[in-house]
Amino acid sequence: MKYKKKIAIIMLMVNIVVTLYLLLLSYYNRLSNDDWTFWNALSEKGIWGFIGETYLTWQGRFSGFFLTSLDLLVYQCLGNLILPTLVLILAGTYANYLLLKFYFPNINKKLLIVISNFLFYISILGLLDFTTFYWVCASGYIKFVVLSEFLFYFVIKKSSNIVDYILIILLSLLIGGSAETFTPIILLLIFVRVCYCYFKSYAIFIECKKELLALCVVFIGFLFMVFAPGNAVRLSSFEHDFSFSGLLLCLTKAFAQYFIYQLPKIFYATLALFPGIFVGQTLGESSTLGFMKNISVKKVISISSLILFIVIILAVLPGSIAVYALLPLRSLSFLSFVLVAHFFFIGIFLGINNYKLTYYVPLCFIVFFLILGYRFYKEIPNCQPYVNSLSKREFKLQILNEQILYRGVSDTLVYIQPLPDFKYKDLNCIYLDYMESLIYPNREKKINFKYFPFLYDELSSDKNNFRNISYKKRLNLKFDIAIVSK
């Protein structure tokens with residue numbers, strides 16, 4: 001009992017500290033990069049016009065653009081992104097809670113809330129690219145994982161009403177248009193559920209009504225996304241080599257890069273072992289689940305790891321072929337949640353078989369708090385200067401804009417100073433620098449990995465760069481802008 005109480009208290013402490021960390025960062029978060037392009041299109045055309053234009057000319061992810069529009073509208077009204085961040089935290093926690101409550105109804109509700117929040121937080125901290133959580137255009141990758149959890153809950157819950165069916169249709173439609181790499185995995189999971197129901201009762205149209213409904217709607221949304229005219233426009237910007245040797249080289253590089261980026265982030269996912277052990281020990285005290293003690297833990301780890309590896313292949317393979325490179329790390333964000341689920345599942349079986357990992361608990365969480373403390377120390381003090389530098393730049397440009405309007409000058413190019421560099425070297429960057437030196441020892445120009453929790457790609461020295469044009473349009477400037485070349 002002391003062991004379980006210790007884990008519960010530590011998880012609660014983690015939840016409090018991480019909540020403070022994430023909300024503090026969200027207060028200072030600002031729009032960046034593609035956000036301004038979307039902001040301009042949304043301001044001119046409205047939500048549906050914006051979605052229609054991007055569908056026809058850029059990409060078919062209609063539901064992703066819909067969620068982005070909602071965040072941008074909130075930012076227009078409030079001037080910050082605290083509310084979207086808070087809603088995502090609450091939704092992610094609640095989605096976890098519903099699924100845990102369904103599978104483990106005998107565990108105390110308050111403890112399940114703590115566990116649900118903890119699992120969501122370590123999934124976020126373990127993202128391959130943490131800026132995904134705060135970048136408006138990319139945060140949809142996380143939101144669709146949460147929406148998928150809600151969908152599975154409404155599909156598997158025993159009793160249903162008309163509201164549940166409406167929610168299944170809406171959630172399925174949103175997930176169907178989420179991302180070309182994510183939707184097929186959801187389709188596969190629903191199909192597996194349909195097969196399970198069929199072989200369980202052989203009455204597929206009676207027992208699997210919700211599953212079939214979700215499968216059909218997600219598939220329709222997926223087809224609508226994949227055959228969007230805009231996809232051809234975007235894919236034309238990538239070079240491809242579809243020869244066997246070219247594809248083999250591409251996929252080998254993509255998988256190697258993925259595992260290199262994933263390795264230092266696995267630590268966060270392994271923390272899911274401890275709430276898993278907590279749940280497993282509680283289940284082990286139930287006589288109804290005593291048979292699970294006879295299942296080999298090694299066998300469970302082997303099967304779960306095999307499934308995990310298959311999911312990683314399905315996540316990395318199609319997209320890497322499409323863009324002939326490893327997908328942007330943000331598009332693989334859902335794998336962080338998959339890893340957490342994998343270790344949580346293993347933890348349950350360790351708990352059922354009375355494994356405690358007693359000595360690892362303090363060690364792992366001491367390391368965790370040291371990492372989080374370092375992030376607090378390096379990031380929070382720089383957030384206000386980051387916001388001030390953005391505001392100062394905008395203020396100067398607005399003053400200059402008024403002067404140019406007054407003088408009636410046109411076709412002017414204004415050079416502006418780059419923002420201060422707030423990025424820093426964390427352990428992950430040091431590791432990536434080391435791996436780069438091992439793989440490319442003779443490379444003259446190193447990448448020099450640096451990190452900041454917000455994505456703030458600087459404007460370009462080229463006035464025709466899309467970021468410069470979008471920024472100019474957003475501020476309604478009457479002159480072109482470019483960054484002074486270093």
Side-chain angles (χ1 to χ4, degrees), residues 23-45 50 68-69 71-85 130-139 376-425 448-486:
L23 291 182
L24 268 175
L25 287 179
S26 69
Y27 174 75
Y28 295 106
N29 190 22
R30 296 295 184 268
L31 302 188
S32 176
N33 209 322
D34 293 6
D35 295 340
W36 293 122
T37 305
F38 289 177
W39 170 290
N40 294 329
L42 182 64
S43 300
E44 292 177 359
K45 305 176 184 299
F50 162 62
T68 297
S69 300
D71 281 353
L72 291 174
L73 289 174
V74 171
Y75 187 80
Q76 282 182 345
C77 296
L78 302 180
N80 62 63
L81 293 162
I82 296 177
L83 183 59
T85 302
F130 183 73
T131 62
T132 305
F133 185 68
Y134 287 110
W135 186 19
V136 172
C137 287
S139 59
F376 256 102
Y377 169 73
K378 297 294 291 187
E379 295 166 18
I380 300 301
N382 278 330
C383 285
Q384 188 62 58
Y386 161 72
V387 172
N388 290 343
S389 63
L390 290 173
S391 300
K392 187 176 181 180
R393 169 185 282 181
E394 290 189 11
F395 177 75
K396 286 184 175 180
L397 289 173
Q398 293 287 13
I399 295 296
L400 185 59
N401 198 45
E402 292 177 6
Q403 293 174 349
I404 287 178
L405 282 173
Y406 177 76
R407 296 172 183 173
V409 181
S410 59
D411 299 326
T412 302
L413 173 61
V414 172
Y415 286 96
I416 57 179
Q417 293 296 326
L419 294 172
D421 186 5
F422 296 106
K423 297 180 180 179
Y424 70 96
K425 289 279 187 185
N448 188 25
F449 294 94
K450 297 179 77 175
Y451 168 78
F452 196 62
F454 308 136
L455 177 77
Y456 70 106
D457 283 358
E458 184 56 279
L459 299 176
S460 172
S461 57
D462 177 11
K463 69 176 184 178
N464 296 316
N465 183 280
F466 81 96
R467 288 196 295 271
N468 297 39
I469 294 172
S470 297
Y471 195 70
K472 169 189 173 182
K473 192 172 183 180
R474 180 254 167 183
L475 294 177
N476 197 27
L477 301 177
K478 302 306 178 184
F479 51 85
D480 295 323
I481 54 175
I483 290 293
V484 177
S485 300
K486 294 182 179 181

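Counting begins at 1 with the first residue of the sequence.
Interatomic distance, CZ of R30 versus OH of Y386, reported as 8.0 Å (0.5 Å rounding). A distance of 11.0 Å separates CD1 of I404 from NZ of K478, quoted to the nearest 0.5 Å. Atom CZ in F130 sits 6.0 Å away from atom CG in L25 (nearest 0.5 Å). W36 contributes atom CH2, which lies 14.0 Å from atom NZ of K473 (distance to the nearest 0.5 angstrom). The distance from atom OG1 of T85 to atom CG of D71, rounded to the nearest 0.5 Å, is 8.0 Å. The CZ atom of F454 lies 11.0 Å from the CZ atom of F133; values are rounded to the nearest 0.5 Å.
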Audit row: F38, N33, side chain to side chain contact (heavy atoms under 4.5 Å, CB included) steps and yes/no: CA-CA 9 Å; F38 289 177; N33 209 322; over 6 Å; no
Criterion side chain to side chain contact (heavy atoms under 4.5 Å, CB included) on V414 and L400, from CA distance to verdict: CA-CA 9 Å; V414 172; L400 185 59; 3.6 Å; yes
Residue pair L42, L73: steps toward the side chain to side chain contact (heavy atoms under 4.5 Å, CB included) verdict: CA-CA 9 Å; L42 182 64; L73 289 174; 4.1 Å; yes
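At distances below 3.5 Å, at least one donor-acceptor pair connects side-chain atoms of N468 with backbone N or O atoms of I481. Checked by atom type and distance alone, the side chain of S391 never pairs as donor or acceptor with a backbone atom of N388 at under 3.5 Å.
No side-chain heavy atom of L24 sits under 4.5 Å from any side-chain heavy atom of C383. Side chains of I416 and I483 form a contact here, defined as non-hydrogen atoms less than 4.5 Å apart. Put simply, the side chain of Y134 does not reach to within 4.5 Å of the side chain of S139, judged on heavy atoms. Side-chain contact between F479 and L397: present, with at least one pair of heavy atoms (C-beta onward) separated by less than 4.5 Å. The side-chain heavy atoms of Y75 and D35, taken from C-beta on, include no pair separated by under 4.5 Å. Here the side chains of N382 and Y424 are not in contact, with every heavy-atom distance at 4.5 Å or above.
Partners of K472 according to the salt bridge (charged side-chain N to carboxylate O under 4.0 Å, His left out) rule, which considers only residues two or more places apart in sequence or in another chain, are D480. Under the ring-ring contact (aromatic ring centres under 6.0 Å, His included) criterion, Y28 pairs with no residue, sequence neighbours left out.
For residues 386-404, every residue pair satisfying the salt bridge (charged side-chain N to carboxylate O under 4.0 Å, His left out) rule, not counting sequence neighbours, is listed here: R393-E458, E394-R474.
The 12-atom threshold is not exceeded at OH of Y415, counting heavy atoms of other residues, nucleotides or ligands nearer than 6.0 Å.
Among all heavy-atom pairs drawn from K425 and F449, the shortest one is NZ-O, 2.8 Å. Counting all heavy atoms, side chain and backbone alike, P420 lies closest to S389 at CD-CB, 3.9 Å.
Among D34, N465, T37, the single residue meeting the side-chain hydrogen bond (donor to acceptor under 3.5 Å, both in side chains) criterion with S470 is T37.
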